[in-house]
Amino acid sequence: MEQTQKDLTPRQRISHIVKWLRQYAGSAKITTFVVGISGGIDSSVVSALCARTGLRTIVVQMPIRQDKKLNNRSSLQAGWLLERYSNVTHMSMDLTKIFNAFDTKLSPFCAADNGDYTHTSELAFANSRARLRMMTLYQIAQAHNGLVVGTGNRVEDFGVGFFTKYGDGGVDISPIGDCMKTAVWAMAAELGIPQEIIDAPPTDGLWADGRTDESQLGMTYPELELAMAMDTGVWLEKPSKEQARNLRRYREIRARNMHKMTPIPVCQLDN
C-alpha cells in the first residue's frame, strides 16, 4: 500500500524535503539558499532543512522596530545553526531606519481626514515591513546565485492566506508549504530546534507589540487545521458548536484572503 503524506513520520518528512531541496537546486543550477529568520518555528525549521542539504545557506535577520524577545529568538536560531552547520552564513541588518524613512514619507498620505491612522493604514504599514524584507532577501539571493526560500506552512499559505502578498509570500520555493503547522512543530522537535523557539507563541513579527497569530486569527493552529479538514470534507464527524463556529470563522478569513491564494486575474481579450 502506498504511503500517504499524512502517514509520514517527522524524520521521513525531513528526509523527503531535504532531498527535494537538493534536487531543485541542482535543476535550477543554484548554489545558495537564502532564508529570512524571524525567531519563529517555521523559519527555524526551514533554515535547518536548507542547512541539511549541505548547500550554502544564508540566514538573514531583518528586525524592524522588532519586539526584543522575537529578535533574541532569531539570534538564538542563527547561533544554533552556526554551531552545527559549516555551510551556514549569518547576516543581520536592522532595517528600522529604512522603514522609518518610508513611514515618514508615506504617513501624510495614509491618514484619515482627521489626521489619525485607520486600522487599514496600520495594516498596510505592517505589510510594508514584510515587503521590505522580501526586497532585502532578493537582493542578497541574486548577488549570491541563490533562491529565496519561503517559510509559510500549508495552513497559512493555502488555508487562511495569512501572509503578505509580495512580502513573505514573495518567494522562489516553498519547502513546507504542504505541511500543517502541527507537522512543522513535530519536525522542529526531530531536528532539535531550541525548545524556546518551539514553545514560543507563533507570530508574524510585523507589529511592534509582538501580537500573536492566534490573537489576529481568533483561532489556534490545531483549530484551524480541524476547520480546514471539515471544509474540505476530510473530517466527516458532526461538529460541536465550537467547531462549527471555528469553521465559519475559518471560511470568513479564507474568503477575505482568497485573492492571495489564486492567480492574478487577467482580462482575456481573445474569447
Side-chain angles (χ1 to χ4, degrees), residues 34-47 59-78 91-107 109-111 116-140 148-171 174 176-177 181 184 197 200-221 224 253-254 256-261:
V34 179
V35 187
I37 55 172
S38 63
I41 191 73
D42 295 320
S43 64
S44 296
V45 166
V46 168
S47 59
V59 295
V60 189
Q61 282 179 265
M62 299 168 286
I64 303 174
R65 301 177 182 174
Q66 205 70 54
D67 177 85
K68 187 175 181 180
K69 289 182 180 178
L70 196 60
N71 198 43
N72 288 345
R73 286 200 296 271
S74 59
S75 296
L76 174 64
Q77 175 62 11
M91 298 181 181
S92 180
M93 54 203 75
D94 193 322
L95 301 178
T96 299
K97 287 185 179 180
I98 297 173
F99 181 76
N100 285 347
F102 176 83
D103 188 337
T104 299
K105 192 72 173 178
L106 269 292
S107 289
F109 304 97
C110 300
D116 293 332
Y117 284 128
T118 63
H119 171 72
T120 302
S121 178
E122 289 180 333
L123 181 59
F125 276 116
N127 284 327
S128 291
R129 297 190 194 197
R131 295 184 179 113
L132 176 56
R133 289 172 180 150
M134 180 273 289
M135 290 172 58
T136 304
L137 293 175
Y138 270 99
Q139 178 68 33
I140 294 168
V148 175
V149 184
T151 60
N153 58 68
R154 187 176 179 183
V155 180
E156 295 166 347
D157 284 4
F158 302 105
V160 288
F162 191 61
F163 61 89
T164 298
K165 187 185 282 189
Y166 309 121
D168 50 330
V171 300
S174 182
I176 63 169
K181 188 78 168 188
V184 177
I197 294 174
T203 174
D204 58 17
L206 299 180
W207 303 88
D209 59 12
R211 66 189 65 176
T212 65
D213 293 354
E214 182 178 345
S215 69
Q216 295 184 70
L217 293 167
M219 299 168 64
T220 66
Y221 277 99
L224 284 166
I253 300 170
R254 179 175 172 80
R256 186 168 63 243
N257 291 332
M258 185 58 71
H259 68 98
K260 303 180 189 179
M261 299 177 279

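Values reported hereafter were calculated over all heavy atoms of this structure, with side chains retained and with hydrogens, waters and symmetry mates removed.
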Chemist: Passes side chain to side chain contact (heavy atoms under 4.5 Å, CB included), Val60 versus Arg133? Steps please.
Modeler: CA-CA 9 Å; Val60 189; Arg133 289 172 180 150; over 6 Å; no

Chemist: Give the intermediate values and the outcome of side chain to side chain contact (heavy atoms under 4.5 Å, CB included) for residues Phe162 and Ile253.
Modeler: CA-CA 9 Å; Phe162 191 61; Ile253 300 170; over 6 Å; no

Chemist: Apply side chain to side chain contact (heavy atoms under 4.5 Å, CB included) to residues Met62 and Leu137 and explain how you reach the verdict.
Modeler: CA-CA 9 Å; Met62 299 168 286; Leu137 293 175; 3.7 Å; yes

Chemist: Which atom names give the shortest non-hydrogen contact between Ile197 and Ser44, and what distance separates them?
Modeler: CG2-OG, 3.4 Å

Chemist: What is the distance from atom CG of Leu132 to atom CD1 of Ile64, rounded to the nearest 0.5 Å?
Modeler: 4.5 Å

Chemist: Would you give the length of the straight line joining atom NZ of Lys68 to atom OG of Ser75, rounded to the nearest 0.5 angstrom?
Modeler: 11.0 Å

Chemist: Do Trp207 and Thr212 have side-chain heavy atoms sitting under 4.5 Å apart?
Modeler: no

Chemist: Please determine, by modelled atom types, if Gln77 and Ser47 share a side-chain donor-acceptor pair under 3.5 angstrom.
Modeler: yes

Chemist: So, does Arg254 use its side chain to make a donor-acceptor pair with the main chain of Phe158 at under 3.5 Å?
Modeler: yes

Chemist: Just wondering, more than 12 heavy atoms not from Met135 lying within 6.0 Å of its CE?
Modeler: no

Chemist: Measuring from atom CD of Gln66 to atom CG of Leu95, what distance do you get when rounded to the nearest 0.5 angstrom?
Modeler: 10.0 Å

Chemist: Indicate the atoms forming the closest heavy-atom contact of Ile37 with Ser74, along with that distance.
Modeler: CD1-O, 3.5 Å

Chemist: What's the separation between atom CG in Asp42 and atom CG in Asp204, rounded to the nearest 0.5 Å?
Modeler: 11.5 Å

Chemist: So, for Ser174 and Asp157, which heavy atoms are closest and what is the spacing to 0.1 Å?
Modeler: OG-OD2, 4.0 Å

Chemist: Can you tell me how far the CD1 atom of Ile41 sits from the CZ atom of Arg73, to the nearest 0.5 Å?
Modeler: 10.0 Å

Chemist: Val155 and Lys181: which non-hydrogen atoms are nearest, and at how many Å?
Modeler: CG2-N, 3.9 Å

Chemist: Do Glu156 and Asn153 have side-chain heavy atoms sitting under 4.5 Å apart?
Modeler: yes

Chemist: Run through Asp94, Asp209, Asp103 and flag the one making a salt bridge (charged side-chain N to carboxylate O under 4.0 Å, His left out) with Arg65.
Modeler: Asp103

Chemist: Set out, in order, the CA-CA distance, both residues' side-chain angles and the distance that settles side chain to side chain contact (heavy atoms under 4.5 Å, CB included) for Thr151 and Asp168, then state yes or no.
Modeler: CA-CA 8 Å; Thr151 60; Asp168 50 330; 5.5 Å; no

Chemist: How close do Ser43 and Ser38 get, heavy atom to heavy atom, and via which atoms?
Modeler: OG-N, 3.2 Å

Chemist: Run the side-chain hydrogen bond (donor to acceptor under 3.5 Å, both in side chains) check on Gln216 and Asp213 step by step: do they pass?
Modeler: CA-CA 5 Å; Gln216 295 184 70; Asp213 293 354; 4.5 Å; no

Chemist: As an exercise, state the distance from CG of Asn100 to OG of Ser107, rounded to the nearest 0.5 Å.
Modeler: 9.5 Å

Chemist: Measure across Arg131 and Tyr166 and return the closest heavy-atom pair with its distance rounded to 0.1 Å.
Modeler: CG-O, 3.4 Å

